[in-house]
Number of protein chains: 2
Amino acid sequence: MMQCDNNQYGISFECDGGQFVNQLLHNAENRGCFSLPVKQSLVLDGGKGELVRACGRVGRKRGVSETKTAEALRSHSEAERRRRERINAHLESLRGLVPSNEKMDKATLLAEVVSQIKQLRATVSQASEGLQIPMDTDEVKVEAIENLSGDGSLLLRASLCCEHWPDLLSDVRKVIRSLPVRVVKTEISTLGSRVKVTFLISSVEGDSVVGSVRAALSSVVEKVSAMVESAEQLFIPRKRQRVLCLDSSSCLLQ
Amino acid sequence: MMQCDNNQYGISFECDGGQFVNQLLHNAENRGCFSLPVKQSLVLDGGKGELVRACGRVGRKRGVSETKTAEALRSHSEAERRRRERINAHLESLRGLVPSNEKMDKATLLAEVVSQIKQLRATVSQASEGLQIPMDTDEVKVEAIENLSGDGSLLLRASLCCEHWPDLLSDVRKVIRSLPVRVVKTEISTLGSRVKVTFLISSVEGDSVVGSVRAALSSVVEKVSAMVESAEQLFIPRKRQRVLCLDSSSCLLQ
DNA sequence: TGAAACACGTGATCC
DNA sequence: TGGATCACGTGTTTC
């Protein structure tokens, strides 16, 4: 056990840095009535914010350090109150978000929130399968649909699915335009923050076009995924796509 | 201010039942060093679970009531510790469910959870539109598709969408069978805990069949909605449909 | 240094 | 009554 006098409120006590002994001592030390060599404990008189000795008569003359300690205790307890209020406000929000009733204790409420989130995630995952918009994995698909007659040209269905990103659509347009293909049809669907772009593409160069379209779309997906990841690491909350459209044909990319 | 000696730990103090004054007195009373006529305050010696006087010498002889108080304080603080552990365990679960990082303070974590739930709900709502399975409102739709040639028979598309309930499918089967119709095709889709059943129905009685099919399906939906509501009021967590199938033709109802 | 975050034990309240 | 829940002020640690 060693002496530590580095606590900020000027309250001296015995401790050894060990959590266990600290806990054992905690209560007694608060009152300064422990048999170990405790020097003193100070408490705040809530009524006037003045300092009193926990044991013994109320001090007649008070030093500067005691006044400072009184102020520290006051601001400390006020900060703690604000913290509690902040936390409880969020808990109230959650109370409004889970179905169920009011008058639910904190632990049960939090358990309910946990299961609610899991349920919602499962539902979203299910919906994303039905809508063919995977939520967890990015995706690039390119497939030949049919060989057009004679001239060796090809009809392709190509799609990409990833998180939304401001430059996503213009990037997709750029890479598609750089290829020797003609876009027959475009569909853009979104689900939550995910975007899926599907093309019907015709090309006269049947040989390598599948690979080059796949490479082009993959480069876009990889760029977006890198941007999103770095934004998350920098604690920048990604802006969510709020306006969602499903199955809308559009010429945004043309 | 009036005397209250009805607190369970045998600790006497002054109070007036008012929250404000109670708070002001709270701290000083803990130590029994307030200038108001406080009788005594007892604290638990964490090391051995023994009772000591907050002010004054450690008592040599201890009464039965003091022993009982010591035990009460101990079990009280232990119960409180368990409560904290329960709450913190749920908070840890939530930490694992929000994306973001570890080392997030409680208030921020809870704020993140709130926004996460809102986002998930918006996504589910969006998906339910795309999949034509409304999440918030029950629905019965019946429409004539075409008049079959000559004999006055009719082809209908009928659908119902509501929460899942164990007897739902058999109830639907029952009411459909009670009608003078032939079921041509059935589709069952689910999203989360919602179920949508769609029928293609042919009938030789073209006049009233739309209304009677609608009435039949509505009676099922109303029964289910009543069951679900009463289950929620009784705090019975409705069993969620875990196995989800989308757009599956089936003969479950035939 | 001082502000912020957490765990703790306690008084109060409810059923 | 005893047990459970909550708000509170405080000691401690971290940055």
Side-chain angles (χ1 to χ4, degrees), chain A residues 4-32 34 38 41-46 49 51 54 68-88 91-92 103-109, chain B residues 4-32 38 41-46 49 51 54 68-88 91-92 103-110:
Chain A
C4 348
D5 282 322
N6 58 345
N7 67 87
Q8 65 180 313
Y9 301 129
I11 303 167
S12 300
F13 56 93
E14 292 283 328
C15 77
D16 62 356
Q19 189 67 357
F20 177 66
V21 176
N22 271 344
Q23 287 182 15
L24 293 184
L25 292 178
H26 173 86
N27 193 26
E29 283 171 353
N30 280 355
R31 283 84 188 172
F34 201 61
V38 171
S41 188
L42 299 175
V43 297
L44 198 56
D45 169 348
L51 210 60
K68 274 179 62 180
T69 303
E71 202 141 5
L73 278 178
R74 165 166 298 280
S75 88
H76 182 30
S77 77
E78 279 171 1
E80 184 61 16
R81 186 197 316 281
R82 284 193 299 273
R83 173 176 168 272
R84 277 194 302 268
E85 282 167 358
R86 215 162 52 240
I87 290 174
N88 283 338
L91 287 174
E92 282 314 300
K103 321 286 204 245
M104 182 182 272
D105 63 275
K106 287 183 185 178
T108 309
L109 170 64
Chain B
C4 344
D5 284 317
N6 57 348
N7 65 89
Q8 64 180 316
Y9 302 129
I11 304 168
S12 300
F13 56 93
E14 293 283 328
C15 76
D16 62 356
Q19 188 67 1
F20 177 66
V21 176
N22 271 344
Q23 287 182 15
L24 293 185
L25 293 178
H26 173 85
N27 193 25
E29 284 171 354
N30 281 355
R31 284 81 188 175
V38 172
S41 189
L42 299 175
V43 297
L44 198 54
D45 169 347
L51 209 59
K68 272 179 64 180
T69 303
E71 203 141 8
L73 278 178
R74 164 167 297 281
S75 90
H76 182 30
S77 75
E78 278 171 2
E80 184 61 16
R81 187 198 315 283
R82 284 193 299 273
R83 174 177 168 271
R84 278 195 302 267
E85 283 168 358
R86 215 162 50 243
I87 291 175
N88 284 337
L91 286 174
E92 283 313 301
K103 322 281 205 251
M104 181 183 273
D105 63 275
K106 287 183 185 177
T108 308
L109 170 64
L110 289 176

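Quick caveat, the model's predicted, so the values are computed rather than measured. As a basis for the values below, the full set of heavy atoms in this structure was taken, side chains included, without hydrogen atoms, waters or symmetry mates.
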Does OP1 or OP2 of [N] have a side-chain N or O of [X] closer than 4.0 Å?
X	N	value
A:K106	D:dA4	no
B:R82	D:dG3	no
A:R86	C:dA5	yes
A:R84	C:dC6	no

Inset, instruction - Take B:E85 and A:A79, find for each the nucleotide of DNA chain C with the closest heavy atom, and name the residue whose nucleotide sits nearer the 5' end. - result: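 Result: A:A79.
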
Inset, instruction - Map B:D105 and B:E78 onto DNA chain C by nearest heavy atom, then report which one ends up closer to the 5' terminus. - result: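 The residue closer to the strand's 5' end, by nearest nucleotide, is B:D105.
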
Legend entry - Gap separating the OG atom of B:S77 from the CZ atom of B:R82, nearest 0.5 angstrom: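 Nearest 0.5 Å value for the OG-CZ distance: 9.5 Å.
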
Legend entry - Nearest-0.5 Å distance that lies between atom CD in A:E71 and atom NE2 in A:H76: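 If we round to the nearest 0.5 Å, A:E71:CD and A:H76:NE2 are 14.5 Å apart.
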
Take atom [atom1] of [X] and atom [atom2] of [N], then tell me their distance rounded to the nearest Å.
X	N	atom1	atom2	answer
B:N88	D:dC6	CG	P	13 Å
A:L73	C:dA3	CG	P	13 Å
B:I87	D:dA4	CD1	C1'	11 Å
B:R83	D:dA7	CZ	C1'	9 Å
A:M104	D:dA4	CE	C1'	16 Å
A:L91	D:dA7	CG	C1'	13 Å
A:L109	D:dC6	CG	P	9 Å

Inset, instruction - Check whether the side chain of A:H76 and the base of D:dG11 form a donor-acceptor pair under 3.5 Å. - result: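 By the distance-only test, yes, there is a pair.
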
Legend entry - base_contact_polar (C:dC6 base, A:E80 side chain, donor-acceptor, <3.5 Å):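 For A:E80, whose side chain was compared with the base of C:dC6, there is a donor-acceptor pair (under 3.5 Å).
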
Inset, instruction - Would you mind telling me which of C:dT10, C:dC6, C:dC8 lies closest to the side-chain atoms of B:R81? - result: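 Within the option list, the nearest is C:dC8.
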
Inset, instruction - Before accepting this row, confirm whether a basic side-chain N of the pair A:R74/A:E78 lies closer than 4.0 Å to the acidic partner's carboxylate O. - result: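 Salt bridge present between A:R74 and A:E78.
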
Legend entry - Residue pair A:L109 / A:L91: nearest heavy atoms and the distance that separates them: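 A:L109 and A:L91 have their closest heavy atoms at CD2-O, 3.6 Å.
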
Legend entry - Sub-4.5 Å side-chain heavy-atom contact between A:R83 and A:I87: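 Answer yes - side chains close enough.
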
